[in-house]
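Note that the numbering runs from 1 along the sequence shown for the chain. Note that this is a predicted model, so its numbers are computed, not measured.
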Amino acid sequence: MGAVHEPQMRRVHPCWMSPVRLGVLCVACLAPLAPPRASRGAESLARVTGRLLEVNGHTEFPKGLMGLHGDAKLTEERRLDWGVESFRQIHFGAGAGSVAWDKDGNLRAPYKDLFMVIDCQGDRYAPATVLTNPKYEEFFRDIGRKYAQRCKDLGWHGYAEFWNEPYLNWAERSRKNYDPKYYDVSKAADDGPVTIKGWDKPLAHLRWRRRWARGEDGKIAHLVPVPKGAKPGDTFRYKLGYYFTKDPEQTYTVVEHWDVYDPTAVSFWSGKQNYDFYMWMFLPWAKAIKETNPDVTIVGGWCFNLPANGWKAWEILYKPMIDEAIPWLDGVCEHHYGSDTRVNAATYEVIVGYALAEHGKRLHCYNTETAGCVDPAVPGARHSSATPYGAYNYGLRDIVELAYRCPDKAAARTAHGSLTKGWGGGGDEFLFKLLKDFRGRLVHATCDDPDVWPIAVLNADKLAVVVFNDHEDDRAIRLAIDAPAGTTFEPGRKVWVTAKQEKGELQFHEEAVPASGNRFEAEVKIVQKTGVKLVFPLKGTPPAKPQWLRSQFFAKGVLQKAEKGKPVTLAVKVDDKLLTRIEGACVRVVLEGVKAGEAILRVNGTAILLPARNWITDVPLAPKLLKADNSLVFEATGDGYQVDIASLIVELPRSP
């Protein structure tokens with residue numbers, strides 16, 4: 001079997017070491033290349049090397065993360081005060097308009113000066129146009145051309161998203177696409193095919209059903225199965241078992257009622273028939289946009305969490321859409337409300353890695369709605385009120401990890417309910433204001449602790465750093481920060497946010513931080529699940545170009561199960577022109593269900609014991625281990641685990 005190497009948990013991996021300066025170790029890799037380790041002790045080392053960074057072609061902090069969704073009270077004054085950079089607006093009836101221009105086509109404040117405005121054409125409360133307009137293809141080509149041409153005429157970079165949350169009300173909430181009025185009931189037969197009124201050919205997936213359960217409220221309970229052999233008038237007891245409902249067991253009555261259902265649907269969200277409806281409209285629209293104005297960014301998707309129901313949402317909706325629409329698709333949209341934010345970066349790895357490996361095209365990921373509470377739109381969900389502090393920390397955790405792990409993949413994040421009580425109203429104000437300094441060029445940062453995330457940017461004449469502590473306890477973080485080459489520090493400031501105990505109101509705290517020369521070192525205590533910001537004015541002139549390059553190379557193959565005796569084998573090609581210059585390397589794995597001591601990864605034959613860490617894990621590699629053609633073999637010694645996606649990341653000095 002050969003020796004199995006376990007990544008060192010506290011020390012910095014030697015392949016990342018550059019010459020020691022001023023007695024402090026200079027780490028050569030960004031945070032993702034830090035060795036994964038267990039929590040041993042209270043102190044971690046976070047380093048900002050001062051090197052300007054390029055990540056897969058991206059050199060700037062993704063300011064589209066500073067966004068709002070559907071905020072009717074956004075003014076020019078608040079845009080500037082908060083530092084809002086992006087905005088997403090739903091157009092209930094799909095059309096050719098934008099929130100950024102008035103009825104005469106003139107750009108208007110506060111949108112005209114935003115970095116990004118996402119116009120979402122169509123809403124979940126509207127049925128698919130294929131059901132209401134026989135000339136739907138012509139309609140979508142027309143609005144696509146008009147939107148694209150208007151953007152061209154205005155010199156405006158349009159971001160066009162197609163349909164808001166089609167996963168939801170099209171399916172099992174208000175069932176907009178399942179309403180029998182759209183279908184020819186004269187052809188109804190139990191489990192027979194369904195035909196749209198006026199169409200000759202039946203649909204591929206919808207089926208008729210004659211017997212349904214009526215709840216105690218008198219409504220048809222579409223999610224409740226009728227017992228086999230039950231007759232109209234029979235009653236039965238049933239308790240819905242979906243994770244999104246807490247409804248108690250109740251009595252249902254069997255009734256005769258012709259209605260439609262999609263047997264391919266696995267839960268409350270859309271199945272394959274709604275996928276067809278979506279694509280029949282999306283493709284002519286997207287093609288018309290790109291033919292008219294290729295500069296328009298097209299965002300498609302289901303506004304849902306990809307791993308839902310064991311990644312069935314990916315299998316049924318997202319992956320087929322990417323495969324079918326890839327020539328016209330620029331980005332994929334998702335919504336996450338109150339979810340574990342670590343899942344977001346992991347799913348972005350799957351989206352981008354899959355598209356690159358399978359189609360050779362780099363997509364970007366757009367969150368077009370989020371908040372730090374459960375989404376009440378999910379059937380049966382109880383809206384969990386978010387406190388301002390909870391919303392603030394949820395957003396900070398989300399943004400910092402996205403910027404820390406995948407600044408090349410996360411293009412937008414638009415917060416919902418930023419002024420609304422119960423949605424954490426007030427929290428986003430503090431979040432946005434804390435991160436107003438985060439504009440400009442990415443700066444290389446690293447930490448020896450996978451649960452402490454530093455991010456840094458060069459913003460004109462200042463260096464801004466945020467360090468987030470994702471541990472469940474308070475941590476003392478050792479900071480070692482170098483000024484960018486050609487600059488020196490001036491005294492700075494440390495900023496953090498707390499909630500007043502009596503009312504839960506948020507407040508900023510700020511204290512002066514003495515700094516000079518080209519090195520800052522200190523120990524900073526950071527409360528669990530939150531972060532602090534440091535900002536240093538700079539003297540001097542920083543480099544004009546990035547100095548450090550990070551490149552990522554994905555394996556082909558996603559969502560594969562490694563089982564005992566049945567390893568998962570993946571191949572990864574690395575640009576051979578980089579091999580002789582690599583100074584840092586790691587394998588990035590997105591895993592689920594991994595247990596301690598039960599996962600072994602063989603990289604070109606060298607065995608490494610993987611830590612018991614779900615979602616993104618970065619395991620250090622000696623650069624000499626890599627070749628142009630690399631083999632990754634995932635072995636399981638226990639119950640097995642899922643390999644969502646894997647890649648190799650290399651870092652090196654950037655060519656002049």
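Under a 4.0 Å N-O distance rule, the pair Glu43/Arg475 does not qualify as a salt bridge. One finds a salt bridge joining Glu85 and Arg439 here, because a Lys/Arg side-chain nitrogen approaches an Asp/Glu carboxylate oxygen to under 4.0 Å. Using a 4.0 Å cut-off between charged side-chain N and carboxylate O, Asp618 and Arg613 make no salt bridge. Here Arg88 pairs with Glu161 in a salt bridge; the nearest charged N to carboxylate O distance falls below 4.0 Å. One finds no salt bridge joining Asp448 and Arg47 here, because no Lys/Arg side-chain nitrogen approaches an Asp/Glu carboxylate oxygen to under 4.0 Å. At a threshold of 4.0 Å, the pair Asp575-Lys577 counts as salt-bridged, since one of the basic side-chain nitrogens sits closer than that to a carboxylate oxygen. A salt bridge links Glu429 and Lys433; the closest N-O separation between the charged side-chain nitrogens and carboxylate oxygens is under 4.0 Å.
Checked by atom type, the side-chain pair His58/Glu60 shows no donor-acceptor distance below 3.5 Å. Side-chain contact, Asp330 with Thr297: no donor N or O sits under 3.5 Å from an acceptor N or O. Using modelled atom types and a 3.5 Å distance limit, the side chains of Asp449 and His471 yield a donor-acceptor pair. There is a side-chain donor-acceptor pair under 3.5 Å between Ser418 and Asp428. With no hydrogens or angles considered, no side-chain donor-acceptor pair links His335 and His69 at under 3.5 Å. Trp615 and Glu592 share no side-chain donor-acceptor pair at under 3.5 Å. A side-chain N or O of Ser655 and one of Arg581 form a donor-acceptor pair less than 3.5 Å apart. No side-chain N or O of Thr49 forms a donor-acceptor pair with one of Asp482 less than 3.5 Å apart. Side chains of His336 and Thr341: no donor on one and acceptor on the other come within 3.5 Å. Counted by atom type alone, Thr59 and Glu54 present zero donor-acceptor pairs between their side chains at under 3.5 Å.
Scanning all heavy atoms of the two residues, the minimum distance from Asn56 to Ser551 falls at OD1-CA, 3.2 Å. For the residue pair Pro484 and Leu538, the shortest heavy atom distance occurs at CD-CD1, 4.0 Å. Annotation for Gly158 and Cys151: closest pair CA-SG, 3.8 Å, computed over non-hydrogen atoms. A pairwise comparison of heavy atoms in Val452 and Ser44 identifies CG2-OG, 4.0 Å as the closest pair. Gly331 and Leu329 make their closest contact through O-CD1, 3.3 Å (heavy atoms, listed as atom of the first residue, atom of the second, distance).
A cation-pi arrangement, defined by a distance under 6.0 Å to the six-membered ring centre and an angle within 45 degrees of its axis, is present between Lys494 and Trp496. For the pair Arg654 and Trp548, the cation-pi criterion (under 6.0 Å, within 45° of the ring axis) is not fulfilled.
Checking side-chain atoms of Asp119 against main-chain N and O of Val99 turns up a donor-acceptor pair under 3.5 Å. Under the 3.5 Å distance criterion, the side-chain polar atoms of Glu523 are left unmatched by any main-chain donor or acceptor of Ala476. Between the side chain of Thr420 and the backbone N or O of Trp423, no donor-acceptor pair lies under 3.5 Å. In terms of modelled atom types and a separation under 3.5 Å, the side chain of Ser647 and the main chain of Phe554 share no donor-acceptor contact.
Applying the ring pair (Phe, Tyr, Trp, His ring centres under 6.0 Å) criterion to Tyr348, with sequence neighbours excluded, gives no partner residue.
Within a 6.0 Å sphere centred on NZ of Lys525, other residues, nucleotides and ligands contribute 12 heavy atoms or fewer.
To the nearest 0.5 Å, atoms CG (Asp451) and CD (Gln528) are separated by 12.5 Å. The distance from the NZ atom of Lys529 to the CD atom of Glu472 is 4.5 Å, given to the nearest 0.5 Å.
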* To do: Apply the test ring-ring contact (aromatic ring centres under 6.0 Å, His included) to residues Tyr392 and Phe430: give CA-CA distance (whole Å), side-chain angles for both, the deciding distance (0.1 Å), then the verdict.
  => CA-CA 7 Å; Tyr392 161 79; Phe430 281 76; 7.2 Å; no
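Tyr366 and His364 have their aromatic ring centers separated by at least 6.0 angstrom.
Evaluated for a side chain to side chain donor-acceptor pair (under 3.5 Å) with Asn344, the options Asn305, Thr370, Asp398 yield exactly one hit, Asp398.
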